[in-house]
2 protein chains.
Amino acid sequence: MGRNRLFNEADVVQRATHAFLVAGYEGTSVGELVTATGLHRGSLYQAFGSKRGLFLACLRHVVTDRSGDVAMDLVLVALLELAPRDPEVRGLLADQLDRRGVTAHDLGARLLARALIHPSED
Amino acid sequence: MGRNRLFNEADVVQRATHAFLVAGYEGTSVGELVTATGLHRGSLYQAFGSKRGLFLACLRHVVTDRSGDVAMDLVLVALLELAPRDPEVRGLLADQLDRRGVTAHDLGARLLARALIHPSED
DNA sequence: CCGATTGATGACCGATCGTTCCACAATTCC
DNA sequence: GGAATTGTGGAACGATCGGTCATCAATCGG
């Protein structure tokens, strides 16, 4: 029933992911997500419910499909900004970090690289 | 010349630091900093110039005086939220991480602990 | 064709954001 | 005792925030 969606959810999630991992969660406004995804506010909220809902979709997507820096950076954002106060995010992350065998060293190394800091030796 | 300050800058910076490391940089509003420090907006801006200025003061303070989780958490916040887009923060962090011999593993381990995630083994 | 349902579009909302400003108080120099 | 300077207290600012809503378009079952 009802009208068909004009957008591909996977594409939207991927574009939103890019916005989030550049500016972080709090640093990315819904207006920027609207621009990045090409969706209008109404459609975004109809599809994902909230900014947090969209972020969760990004996290789930990245956590199942992606690997490499994109996945790692979104995980970093989630760990620092959301996990301390959001049990659902925490659960997603704990499960995934364990499953992928991501180490503390991996996280720290990527955090430094993302911050454009290149340690002398560690 | 002029009136004397009624507040102790070190105390103010310490209280602001606490606010920042709980909620992150973007997640902490100036209103919350006003509450946390006890200063009024006027005094805060006169003393530190901006929210960023206050954060820089916290970072410098923590970087010279503190060690342990408080220092590490503020460094994490700075690394993830500010360093990618703020060369001054980047410089402060690079210098300090090197001087203290903080490793990627140290950063990652504290990031996980702060996120309330306890890895099985790494 | 006719309701019912879902998506698209974008104006609109109150709340909150970081910042500025101004009147007033205290301190210093002449 | 002014004049100059610095700090205090808090109202006010425009901008932006995340989120809602009403209207219209498309697609379905009957």
Side-chain angles (χ1 to χ4, degrees), chain A residues 1-59 74 77-78 80-82 84-86 88-89, chain B residues 1-59 74 77-78 80-82 84-86 88-89:
Chain A
M1 266 278 208
R3 190 171 174 175
N4 296 328
R5 287 186 173 176
L6 298 181
F7 63 90
N8 178 323
E9 184 161 324
D11 288 351
V12 165
V13 165
Q14 183 169 339
R15 294 201 183 103
T17 297
H18 233 94
F20 276 130
L21 57 81
V22 167
Y25 180 79
E26 300 290 352
T28 304
S29 69
V30 174
E32 289 168 338
L33 292 168
V34 165
T35 301
T37 60
L39 292 193
H40 292 256
R41 284 177 113 79
S43 303
L44 245 183
Y45 273 86
Q46 169 123 348
F48 301 100
S50 65
K51 180 183 176 183
R52 175 178 174 274
L54 176 53
F55 186 87
L56 279 179
C58 293
L59 200 52
L74 200 69
V77 167
L80 197 119
E81 295 190 64
L82 266 4
R85 56 174 159 107
D86 191 326
E88 191 171 355
V89 169
Chain B
M1 265 275 208
R3 190 172 174 175
N4 296 328
R5 289 186 173 174
L6 298 181
F7 64 91
N8 178 324
E9 182 162 325
D11 289 350
V12 165
V13 164
Q14 183 167 342
R15 293 200 183 104
T17 297
H18 234 93
F20 276 130
L21 58 82
V22 168
Y25 180 79
E26 300 289 353
T28 305
S29 70
V30 173
E32 289 168 338
L33 292 167
V34 164
T35 301
T37 59
L39 264 63
H40 291 256
R41 291 174 111 78
S43 303
L44 245 183
Y45 273 85
Q46 168 117 351
F48 300 100
S50 64
K51 180 183 176 184
R52 174 177 174 275
L54 176 54
F55 186 86
L56 279 179
C58 292
L59 201 53
L74 200 70
V77 167
L80 197 118
E81 294 191 65
L82 267 6
R85 57 174 159 107
D86 191 325
E88 192 170 356
V89 169

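Numbered from 1 within each chain, the chains take letters A, B, ... in sequence-line order.
As judged by a 4.0 angstrom heavy-atom cut-off over every strand, B:Leu39 is placed among residues making no nucleic acid contact. B:Phe48 comes within 4.0 angstrom of nothing in the nucleic acid, heavy atoms only. Contact annotation for A:Ser43: base contact, defined as any heavy-atom pair under 4.0 Å involving a base atom. Using a 4.0 Å heavy-atom criterion, one finds that B:Arg41 contacts the bases of the nucleic acid, with or without backbone contacts as well.
Closest approach of A:Glu32 and A:Gly27 over heavy atoms only: OE1-O, 3.5 Å.
Summarising the geometry, the separation between CG on B:Leu44 and P on C:dT20 is reported as 13 Å, rounded to the nearest angstrom. At whole-Å resolution of the value, OH in B:Tyr45 and P in C:dT20 are 7 Å apart. If you take CE of B:Met1 and C1' of C:dA26, they are 13 Å apart, rounded to a whole angstrom. B:Gln46 places its CD atom 20 Å from the P atom of C:dG18, with the value rounded to the nearest Å. Distance A:Glu9 CD to C:dG7 C1': 13 Å, rounded to the nearest Å. Between B:Arg52 atom CZ and C:dT19 atom P the separation is 11 Å, expressed in whole Å. Atom CZ of A:Arg3 is separated from atom P of D:dA26 by 5 Å (rounded to the nearest Å). What separates CG of A:Leu6 from C1' of D:dT27 is a distance of 12 Å, to the nearest Å.
Put simply, A:Ser29 has a side-chain N or O that comes within less than 4.0 Å of OP1 or OP2 on D:dC17. Within the structure, a side-chain polar atom (N or O) of B:His40 is placed less than 4.0 Å from OP1 or OP2 of D:dG10.
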Dot-bracket for DNA chain C, please, read 5' to 3', with Watson-Crick or G-U wobble pairs under 3.5 Å on both distances, ( ) within the strand, [ ] crossing, | other strand, . unpaired.
||||||||||||||||||||||||||||||
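With B:Leu39 as the partner, the side chain to side chain contact (heavy atoms under 4.5 Å, CB included) test is satisfied by one option alone out of B:Leu6, B:Leu44, B:Leu54: B:Leu44.
Going from atom CG of B:Leu59 over to atom CZ of B:Arg52 covers 10.5 Å, rounded to the nearest 0.5 Å. Taking CD of B:Glu81 as the reference point, atom CZ of B:Phe20 lies at 9.5 Å (rounded to 0.5 Å).
Comparing B:Asn4 and B:Glu26 along DNA chain C, the residue whose closest nucleotide (by nearest heavy atom) sits nearer the 5' end is B:Glu26.
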Show the numbers, then the answer: is there a side-chain contact (heavy atoms from CB on, under 4.5 Å) between A:Thr37 and A:Phe7?
CA-CA 10 Å; A:Thr37 60; A:Phe7 63 90; over 6 Å; no
Mind running side-chain contact (heavy atoms from CB on, under 4.5 Å) on A:Leu56 and A:Phe48 for me, showing each step along the way?
CA-CA 9 Å; A:Leu56 279 179; A:Phe48 301 100; over 6 Å; no
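Residue pairs satisfying the side-chain hydrogen bond (donor to acceptor under 3.5 Å, both in side chains) criterion with at least one member in residues 21-30 of chain B, sequence neighbours excluded, are listed as follows: B:Glu26-B:Arg85.
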